[in-house]
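To keep things clear, I will list the structure first and then write my remarks on it.
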Amino acid sequence: MRVRKELGLGELGGELGRLQEAISRSASSILELEGVVDSARAFCPVDTGALASSIRAERRGPTDAALVAGGGGLINPRTGRPVDYAVAVHDGTSGQPPRPFLEQALYEQRMVLAEEMARRTAEAL
Amino acid sequence: MAMQVEYRVTVTGLEEAAAAAEAAGRSAAQASNAVNGLQSGASRALPILTTSLRAVNSTRLAVEQTAKALVTMNPEAVLYALLNMASVVTSLTRLMRTLRESTAVASAAQAVLATLTGRWWLIPLALAAGALVYSRVQAMQSGGPVRETGLYVLHRGEYVVPARSVTSYGPIFVTFERQPREGADAEEWLRRLGPRVAEEARRGA
């Protein structure tokens with residue numbers, strides 16, 4: 001992506017002043033974790049789809065978010081029980097290998113987050 | 001057992017980036033004032049084209065290299081790019097000295113800026129990243145645990161166990177961390193690391 005903007009020297013100071021706000025807004029925006037949630041759902045093993053549906057991003061502060069799987073009030077339609085097996089699926093058990101779908105998504109998307117932040121910063125200027 | 005798995009995603013370093021942008025903005029305003037002052041006093045025109053082109057080209061190259069180094073998160077490339085940025089600052093200083101003797105101040109300055117406009121917003125980030133990298137590069141000569149987050153100079157033959165996951169964009173770090181952070185969780189992860197490394201080694205990864 002390329003942004004072109006022609007400026008006189010006199011305008012450059014003002015533009016750079018706006019950069020601070022643009023950086024903060026883009027950081028806040030990437031913490032919505034949209035791509036990471038999609039990626040985690042794609043990596044998540046699916047039986048009824050309840051676990052994949054429980055994957056979500058939760059904002060915890062201006063510069064904090066959490067990628068969460070399990071809980072959230074969702075019910076597994078087959079068992080009628082809450083989705084309380086996220087840890088067992090993600091980390092594995094003695095009889096079941098780990099399927100670390102959240103970790104896979106974060107690794108896959110980590111540079112996308114950085115590039116998105118740069119792109120959104122540029123777009124805001 | 002906990003009902004849910006949670007990874008905390010945190011963005012840090014925004015203050016440093018904002019401070020760099022503010023400092024760059026102040027420098028630009030000062031430069032603008034200086035140029036305006038020079039414009040008002042007409043003097044002789046000097047051939048500045050060659051110097052301008054050299055400065056513009058080296059600046060463009062350095063900014064491109066720095067941007068690439070930041071995106072690929074290659075510490076060696078970041079340091080290399082930083083050296084180029086230092087050279088650019090020198091060459092821009094030389095250009096400004098030449099400009100002070102010219103009546104073509106405004107057009108030359110705008111030519112420089114127009115050439116940079118493709119990625120000009122990266123300059124303060126790049127400078128901030130460079131400064132941060134330079135100030136935070138640390139050595140692990142005597143080995144041991146990594147007590148502070150940062151960049152380290154490592155040598156052939158040294159061995160590093162990777163932390164969970166950290167990526168960065170210049171001075172801005174995006175950190176992923178498994179929650180909760182109790183010691184038992186970390187110990188569990190370390191217990192699982194051994195077999196994982198062995199499996200990857202077996203696969204030739």
Side-chain angles (χ1 to χ4, degrees), chain A residues 2-24 27-28 30-31 33 36 54 57-58 60-61 63-72 82-92 98 102-103 106-107 110-111 113-115 117-118 121-122 125, chain B residues 1-12 14 17-36 67 70-73 105-106 109-110 112-114 116-125 164-170 172 174 176 178-179 188-189 192:
Chain A
R2 195 167 177 85
V3 178
R4 183 171 181 84
K5 196 164 187 174
E6 300 208 1
L7 300 167
L9 186 56
E11 300 161 299
L12 185 59
E15 289 288 323
L16 288 169
R18 288 169 50 202
L19 186 60
Q20 302 172 55
E21 176 62 22
I23 290 172
S24 293
S28 180
I30 64 154
L31 284 171
L33 302 179
V36 184
S54 76
E58 294 178 358
R60 300 289 164 83
T63 57
D64 277 292
L67 179 66
V68 184
V83 180
D84 58 358
Y85 45 87
V87 177
V89 174
H90 191 274
D91 296 349
L102 295 188
E103 199 168 318
L106 287 166
Y107 272 102
R110 67 195 194 283
M111 289 318 297
L113 281 179
E115 286 162 8
M117 182 156 167
T121 302
L125 293 171
Chain B
M1 183 178 275
M3 183 176 265
Q4 60 186 39
V5 186
E6 178 179 323
Y7 278 80
R8 184 68 65 88
V9 183
T10 309
V11 179
T12 54
L14 293 180
E22 191 186 355
R26 275 202 307 270
S27 301
Q30 285 168 2
S32 176
N33 289 339
V35 167
N36 288 337
L70 294 177
V71 169
T72 56
M73 200 194 160
V105 174
Q110 292 208 0
V112 173
L113 293 173
L116 292 175
T117 47
R119 285 181 176 268
W120 65 266
W121 51 273
L122 271 172
I123 299 173
L125 284 179
R164 294 305 299 272
S165 53
V166 177
T167 189
S168 76
Y169 190 77
I172 299 168
V174 182
F176 313 131
R178 177 73 177 266
Q179 303 291 319
E188 169 62 22
W189 180 74
R192 284 170 21 205

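Every chain is numbered from 1, with letters handed out A, B, ... down the list of sequences.
When every heavy atom of A:Gly71 is checked against every heavy atom of B:Gln4, the shortest pair comes out as CA-OE1, 4.1 Å. Nearest approach of B:Arg8 to A:Ala65, heavy atoms of both residues: CD-O, 3.2 Å. Considering all non-hydrogen atoms of both residues, A:Ala27 and B:Val11 come closest at CB-CG1, 4.2 Å.
By the side-chain contact (heavy atoms from CB on, under 4.5 Å) test, A:Glu58 is found to be paired with A:Arg56, A:Arg60, A:Val68, residues two or more places apart in sequence or in another chain being considered.
When the candidates A:Val89, A:Leu102, A:Asp64 are compared by the number of heavy-atom contacts under 4.5 Å with chain B, A:Asp64 comes out ahead.
The residue from A:Leu33, A:Val36, A:Leu106 that alone fulfils the side-chain contact (heavy atoms from CB on, under 4.5 Å) condition with B:Tyr7 is A:Leu106.
Only the side chain of A:Leu31 comes within contact range of chain B, with at least one heavy atom under 4.5 Å from a heavy atom of that chain.
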